[in-house]
Amino acid sequence: SSSDPGDQILVYQGALANPSFVFAFDNTGGWEASDPLMDQYSSALPPGLVNGVSAVSFEHSDSFWYRPWYAKSAMLETLKEWMVNRNRFKTTSTSATRLADYVAPLDGFTIRNGQRGDNTYTEYIPGTAPCIILTGHDGDLKPIEINDRNHGCSDGQGGCDWSKTCSPQDSSNCRAATPNDENTQDMARRANDYFEGYTGHTCHLVVNRLARIKLDPNREVEEAAQFDQTAIDTYNDFHAFADLASQDIENNHPCGAGLLVDFHGHTHPEARIEMGYKLSSSQLRGDDASVDGLAYTSSIKNMPTHKNQLFSEIVRGSTSMGALFELPTAINASGYLSVPSPMVNAPAEGEDYFQGGYNVETHGSQDGGAIDGVQIEFPRYLRAQNFTMQEDMLIAFAEVVLPQMLASHYPAACDVLGGTPGPTDTPTAGPTYAPTPNPTPSPTGSPTSQPTEVPTPNPTPSPTDAPTPGPTDAPTPKPVPTDPPTPQPTEAPTPNPTPSPTVSPSPQPTEAPTQTPTSSPTNSPTPQPTDAPTPKPTPSPTNAPVVTVDKYICTKNEPLPATICADGSPAGGNCATANSNNGSGNGGKKCWWAACPDNNGPATPGPTSPPTVNSPTTPGPTPACGPQGALCNLFQNCCDGCESGGPRSARVCL
């Protein structure tokens with residue numbers, strides 16, 4: 001804290017007796033050049049720092065207190081920007097308010113090694129565990145050179161014009177959600193800090209720092225950036241970093257598979273933690289047998305393949321993410337009510353629920369790959385009302401939910417606790433085994449800003465003031481544009497740590513850390529389940545091959561091949577070219593094609609774009625699996641999996 005004129009807050013590395021200054025600010029209104037200073041009310045510019053750049057002086061305030069729900073680890077450039085952001089600090093002379101709501105940053109800040117996007121509005125911090133955390137809806141920057149996003153304009157054919165100058169705007173059919181999901185960026189950073197403190201590992205972290213009114217990376221690029229080039233570049237960097245993290249896990253981690261979680265926030269009156277797996281409320285309301293048949297269409301399609309588990313158990317059983325959130329915590333005996341979970345299998349009719357958006361659809365395993373994706377929606381009381389519960393919940397996520405998801409549903413090489421049994425009660429305070437394959441910089445203090453045992457006034461998980469209805473985020477998943485710009489970063493991030501800042505480094509694990517091999521696993525998990533359900537069986541003759549016919553549906557969102565076969569029209573005519581908008585009007589609609597079984601004779605000649613593929617001679621209701629080089633979206637499954645990354649409509653079978 002800074003209680004008298006002349007006090008400073010200094011960020012430095014090295015020994016206290018011989019510090020190397022990184023950043024500083026004071027509250028005297030200006031740095032003094034005299035040395036030595038003449039009185040206690042003056043502040044000297046620390047050696048090596050530049051006034052107004054790496055050293056900032058504020059007008060006098062009685063006290064500075066850092067808001068405890070804000071993160072204290074980031075790349076150095078981000079930490080410097082935080083130091084001059086007065087919103088992150090409290091200045092007050094009222095000690096009661098100060099002590100109740102704010103804390104001094106006594107344990108310092110942690111510098112993370114990472115990489116920024118070309119325009120610095122994205123941040124990628126590589127991890128050492130087979131997990132990825134995305135945060136895209138709580139950016140803290142609002143550059144004036146990017147015009148604010150607006151509602152789009154209806155084109156009269158079910159589509160939207162997202163140019164910022166269109167008129168008249170249609171807030172009903174072309175609504176652009178612009179409020180931030182408050183505090184979810186800091187929650188994502190702190191969750192990763194707690195995860196490191198407990199396991200010795202970090203997840204890969206991808207951060208969009210543009211406010212949602214400037215960019216929404218959980219949408220297709222037209223709606224997300226509304227044709228602003230700086231916003232488009234940031235969007236491309238964000239998704240390229242997510243791809244880079246996925247590739248690192250698949251190619252370099254012994255697990256070869258992993259879990260991506262996308263942090264969001266909602267204001268639904270039910271005030272539950274919502275997990276979105278790309279399954280609708282009505283699908284989740286089905287019985288277990290029905291849910292077991294939905295793995296192939298979810299964003300965690302690959303998860304059941306590792307241990308041959310029932311999909312309903314993964315989604316809402318005793319080892320599901322919802323069940324783990326509902327375990328007792330340090331201050332909450334009933335845990336945090338979630339959906340889907342054993343307590344709440346599915347949202348009831350009429351209840352709001354976010355099933356997962358563009359990020360988990362694009363970077364999850366729905367279309368292939370070994371990285372599963374879950375969208376986590378936190379209720380308002382855990383984001384902006386009860387900060388004691390917020391910390392408790394984030395610690396539970398880092399010490400129980402995420403480690404046990406990796407241990408219960410993935411190969412043994414994914415277990416960040418080294419086979420430690422799952423908790424049956426309140427989680428313990430520290431790891432039993434903490435391997436550190438690629439050492440991260442030691443924090444200036446413990447990453448956990450407050451103790452895990454918090455005074456317990458027996459709070460209940462429900463907010464004192466019920467969150468107001470009206471979601472801040474209504475994901476409407478859509479197919480990736482045929483050619484969206486997704487440039488990869490020009491240089492892979494380096495995992496080498498920066499020198500450790502001094503002031504009480506974190507305790508080291510009692511066992512020596514071991515170096516995780518970088519070689520790829522010898523037995524990679526199969527990206528598709530072997531028993532994916534198939535819609536509407538139409539038995540074929542056993543002695544003759546099944547003839548296929550090309551069908552299409554003209555819509556903006558890409559349907560499943562089975563849907564096209566059931567409801568589509570014969571190819572040709574108005575929809576002569578696959579994956580284009582000819583004959584479909586404007587607003588992003590396209591001709592979505594599929595090769596479908598034809599029981600009425602030879603296949604109808606198709607256009608030049610998609611090939612007609614014969615089904616196998618074995619009786620079966622689905623089209624043949626896609627051969628190597630074929631477009632993935634023409635088949636329900638590729639024979640050997642679909643490539644990950646890039647536009648969905650352009651991915652090919654491996």
Side-chain angles (χ1 to χ4, degrees), residues 69 131 133 183-184 187-188 190-191 194-195 197-199 259 261 263-277 284 312-348 351 353-354 374-409 416-417 420-431 448 450-464 466-467:
W69 55 89
C131 49
I133 300 177
N183 291 330
T184 50
M187 289 170 66
R190 289 169 56 212
Y194 297 151
F195 183 73
Y198 188 71
T199 69
L259 179 62
V261 291
F263 272 38
H264 289 272
H266 72 81
T267 57
H268 300 159
E270 295 77 29
R272 300 178 294 226
I273 299 175
E274 300 175 2
M275 273 66 67
Y277 304 107
L284 290 172
S312 57
E313 169 64 21
I314 291 174
V315 170
R316 62 191 185 197
S318 61
T319 60
S320 67
M321 186 173 285
L324 295 170
F325 269 120
E326 291 175 348
L327 289 175
T329 69
I331 67 170
N332 193 347
S334 59
Y336 296 93
L337 193 62
S338 302
V339 61
S341 73
M343 294 288 291
V344 185
N345 279 189
E351 289 183 344
Y353 169 71
F354 289 143
V374 182
Q375 179 169 305
I376 304 181
E377 293 274 350
F378 296 103
R380 179 169 173 76
Y381 84 92
L382 287 175
R383 293 184 292 110
Q385 293 175 333
N386 191 323
F387 295 107
T388 300
M389 280 194 167
Q390 180 194 96
E391 181 186 36
D392 179 65
M393 181 275 298
L394 289 176
I395 291 173
F397 170 81
E399 297 185 358
V400 179
V401 178
L402 186 53
Q404 293 307 321
M405 285 296 293
L406 294 172
S408 299
H409 304 299
V416 294
L417 297 179
T420 302
T424 56
D425 203 278
T426 304
T428 56
T448 305
Q450 291 149 1
T452 57
E453 294 184 7
V454 182
T456 60
N458 293 327
T460 59
S462 301
T464 305

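As the structure is a computational prediction, the values presented were derived from the model and not from experiment.
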Side-chain heavy atoms of E391 within contact of F387, under 4.5 Å: no
Nearest heavy-atom neighbours spanning A323 and S318: CB-O, 3.6 Å
is_close_aromatic(F378, F397), centroid dist under 6.0 Å: no
4.5 Å side-chain heavy-atom contact, Y198 and V416: no
T319-E313 side chain donor-acceptor pair, cut-off 3.5 Å: yes
Beyond-backbone contact of M321 with V401, side-chain heavy atoms, under 4.5 angstrom: yes
Residue pair H268 / E377, side-chain donor-acceptor N/O under 3.5 Å: no
Backbone of V344 reached by a side-chain donor or acceptor of R272 within 3.5 Å: no
Distance, nearest 0.5 Å, that separates CG of L402 from CG of L417: 9.5 Å
Minimum-distance pair of heavy atoms, taken over all atoms of A188 and I133: CB-CG2, 3.8 Å
Within-4.5 Å side-chain heavy-atom neighbours: V261 and M405: no
Non-hydrogen atoms of C131 and F195 that approach each other most closely: SG-CE2, 4.0 Å
F263 to A191 - nearest heavy-atom pair and separation: CZ-CB, 4.1 Å
Side chain proximity check, E326 to I273, heavy atoms < 4.5 angstrom: no
Closest heavy-atom pair and its distance - S320, S341: OG-CA, 4.4 Å
V339 side chain reached by E270 side chain, heavy atoms, under 4.5 Å: no
Gap separating the CZ atom of R316 from the CG atom of L284, nearest 0.5 angstrom: 6.5 Å
Interatomic spacing from OH in Y194 to CZ in R190 - rounded to 0.5 Å: 4.0 Å
Atom pair CD1/CD1 of I395 and I331 - distance to nearest 0.5 Å: 9.0 Å
Side-chain heavy atoms of H264 within contact of E274, under 4.5 Å: no
Main-chain N/O of M275 paired with Y353 side-chain donor or acceptor, under 3.5 Å: yes
Distance, nearest 0.5 Å, that separates CD of Q404 from CG of L327: 9.0 Å
Smallest separation among heavy atoms of L382 and Y336, with atom names: CD2-CE2, 3.8 Å
N/O donor-acceptor pair under 3.5 Å between R383 side chain and H266 backbone: yes
Donor-acceptor under 3.5 Å (N332 side chain, P328 main chain): no
